[in-house]
Protein chains: 2
Amino acid sequence: MSTRERLVESARDLLWERGYVGTSPKAILERAGAGQGSMYHHFTGKSDLALAAITRTAEEMRAAAAAVLHGPGTPYARVTAYLRRERDVLRGCPVGRLTMDPEVIASEELRAPVDETLDWLRAELAALVEEGKEQGEFASSLDAEEVAAAIVATVQGGYVLARASGSPAAFDTGVRGLLSLLRPADRGDT
Amino acid sequence: MSTRERLVESARDLLWERGYVGTSPKAILERAGAGQGSMYHHFTGKSDLALAAITRTAEEMRAAAAAVLHGPGTPYARVTAYLRRERDVLRGCPVGRLTMDPEVIASEELRAPVDETLDWLRAELAALVEEGKEQGEFASSLDAEEVAAAIVATVQGGYVLARASGSPAAFDTGVRGLLSLLRPADRGDT
DNA sequence: GTCTATAGGACGATAGAC
DNA sequence: GTCTATCGTCCTATAGAC
């Protein structure tokens with residue numbers, strides 16, 4: 001792996017773990033096994049490297065979500081698969097956690113990939129819910145955009161509950177609650 | 001207000017805005033208009049002051065939530081009132097945001113008030129949902145604990161969506177989605 | 001109880017050798 | 001392209017005067 005590549009990957013790890021404010025260039029360089037010169041050769045500074053890292057993380061997250069959302073099954077089954085897919089729950093969402101970072105939010109450039117990713121996810125889920133409504137799987141009274149926002153919020157908030165309690169169980173409990181509310185009336189399974 | 005008091009209030013503001021990692025003693029002192037000696041006289045250090053600040057924030061949050069949750073109305077009405085109560089949405093949740101802070105999560109002492117507050121909120125909502133089930137307002141098939149977790153998660157995740165998009169609207173959209181899923185079948189209003 | 005002075009190290013960035 | 005040296009500032013904490 002090239003030095004540039006190692007820098008981006010190290011920044012991704014640290015951004016996930018400690019956020020932008022909590023991540024120093026020095027820590028990134030140590031993890032990447034590179035000197036300061038390498039970083040300032042490939043990037044203009046901390047924020048430029050962070051942008052590359054965040055952009056890649058956002059891309060990977062979209063790809064992973066798309067794999068499940070565009071998978072097989074009814075809309076409800078695909079929403080379920082998305083909510084239940086394996087997650088490093090206690091590490092939190094590598095994209096969503098950045099919204100709590102004051103310097104990410106203050107920067108149009110750094111916030112953009114975060115916003116776009118969550119917005120894309122919401123739109124994908126909204127399309128899926130809409131499809132479910134057409135097939136009669138979801139109540140026609142539901143607003144697909146609203147329900148999609150609630151789904152994304154439950155996932156993001158699930159990470160908060162899990163990290164607060166120190167256990168992934170809280171995430172799963174919330175997801176089960178949401179799924180029970182979403183469950184088509186004519187189904188009795190779990 | 002005493003110097004000690006001003007220190008705690010300044011720390012609360014900055015912890016909310018920038019988190020633990022992003023808040024320096026110097027910034028707290030400047031905001032409080034105090035010298036370093038004052039802080040180290042009243043507290044053993046940054047984490048001790050942060051603990052006092054977090055504890056107070058947690059207490060205030062519980063009191064504010066209790067006022068709505070123990071208010072008048074049916075269980076569904078009270079859940080609605082809780083979800084729709086006025087919030088500084090773009091500032092995020094002063095308690096929940098701390099879960100994204102690596103040093104808060106790493107410290108049993110700092111994490112405890114965060115965990116207890118969210119857990120208390122979940123239990124309060126669970127009791128309310130249970131009450132609603134008994135009154136026939138919520139489906140008896142629902143698990144109160146699970147639904148309560150989904151409600152808390154939606155709120156916490158709503159802050160994430162709002163901050164990502166830079167607009168409080170995303171929070172409200174998610175809340176409307178959750179409320180539509182929770183809404184008793186025999187009701188048709190909004 | 002509050003102040004200023006100071007410590008020793010980390011912060012983010014730049015310079016210049018190789 | 002990568003390195004080390006250095007800059008000026010900020011970090012958290014301690015010392016000691018008042």
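Every chain is numbered from 1 and lettered A, B, ... according to where its sequence line falls, protein lines coming before strand lines.
Listed for the R18(A) side chain is no donor-acceptor partner under 3.5 Å among the backbone atoms of P102(B). A donor-acceptor pair under 3.5 Å is absent between the side-chain atoms of R97(B) and the main chain of G92(B), judged by distance alone. Put simply, the side chain of Y82(B) never gets that close to the backbone of I151(B): no donor and acceptor are under 3.5 Å apart. Remark: the backbone N or O of V21(A) is paired with a side-chain donor or acceptor of D101(A) at under 3.5 angstrom. Listed for the R78(A) side chain is a donor-acceptor partner under 3.5 Å among the backbone atoms of L69(A).
Applying the side-chain contact (heavy atoms from CB on, under 4.5 Å) rule to R91(A) yields the partners W16(A), D88(A); only residues at least two apart in sequence or on another chain are considered. For the side-chain contact (heavy atoms from CB on, under 4.5 Å) test, residues two or more places apart in sequence or in another chain that qualify with S24(B) are K26(B), A27(B). Contacts of E60(B) classified as salt bridge (charged side-chain N to carboxylate O under 4.0 Å, His left out), with partners at least two apart in sequence or in another chain: R12(B). Taking A58(B) as the reference, R62(B), P113(B), T117(B) meet the side-chain contact (heavy atoms from CB on, under 4.5 Å) condition, with sequence neighbours excluded. Among residues two or more places apart in sequence or in another chain, the salt bridge (charged side-chain N to carboxylate O under 4.0 Å, His left out) test is passed with R6(A) by none.
Ionic pairing of E116(A) and R111(A) is not present here: no N-O contact between side-chain nitrogen and carboxylate oxygen is shorter than 4.0 angstrom. A salt bridge is defined here as a Lys NZ or Arg NE, NH1 or NH2 lying under 4.0 Å from an Asp or Glu carboxylate O, and R122(A) with E145(A) fails to meet this definition.
For the 3.5 Å distance criterion, the side chains of E137(B) and T74(B) qualify, holding a donor opposite an acceptor.
Counted within 6.0 Å of CD on Q135(B), heavy atoms from surrounding residues, nucleotides or ligands total more than 12; the atom is thus considered enclosed. In this structure, E109(B) places its CD atom where only 12 or fewer heavy-atom neighbours from other residues, nucleotides or ligands lie under 6.0 Å away.
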Give every pair of a protein N or O atom and an N or O atom of nucleotides 15-18 of chain C that lie under 3.5 Å apart, one pair per line with the distance.
none

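Placement of L128(A) and L142(A) within a single hydrophobic cluster is found when ILVMFWY residues are connected by side-chain heavy-atom separations under 4.5 Å, directly or transitively.
Other members of the hydrophobic cluster containing L7(B), listed by chain and number, are V8(B), L14(B), I28(B), L29(B), M39(B), Y40(B), F43(B), L49(B); membership follows side-chain contacts under 4.5 Å among ILVMFWY residues, whether direct or relayed.
Across the helix from dG1(C)-dC18(D) to dC18(C)-dG1(D), the helix axis at one end is tilted relative to the axis at the other end by 10° (nearest 10 degrees, each axis from five pairs).
Within residues 99-114 of chain B, no residue places a heavy atom under 4.0 Å from DNA chain D. Using a 4.0 Å cutoff on non-hydrogen atoms, the parts of residues 1-13 of chain A near DNA chain D are T3(A), ordered by number. Contacts with DNA chain C (heavy atom under 4.0 Å) in residues 41-55 of chain B: H41(B), H42(B), listed by number. Proximity of residues 23-35 of chain A to DNA chain D (heavy atom under 4.0 angstrom from any strand atom) is restricted to A34(A), G35(A).
Regarding contacts with the backbone of dT14(C), every side-chain N or O of Y40(A) stays at 4.0 angstrom or more from both OP1 and OP2.
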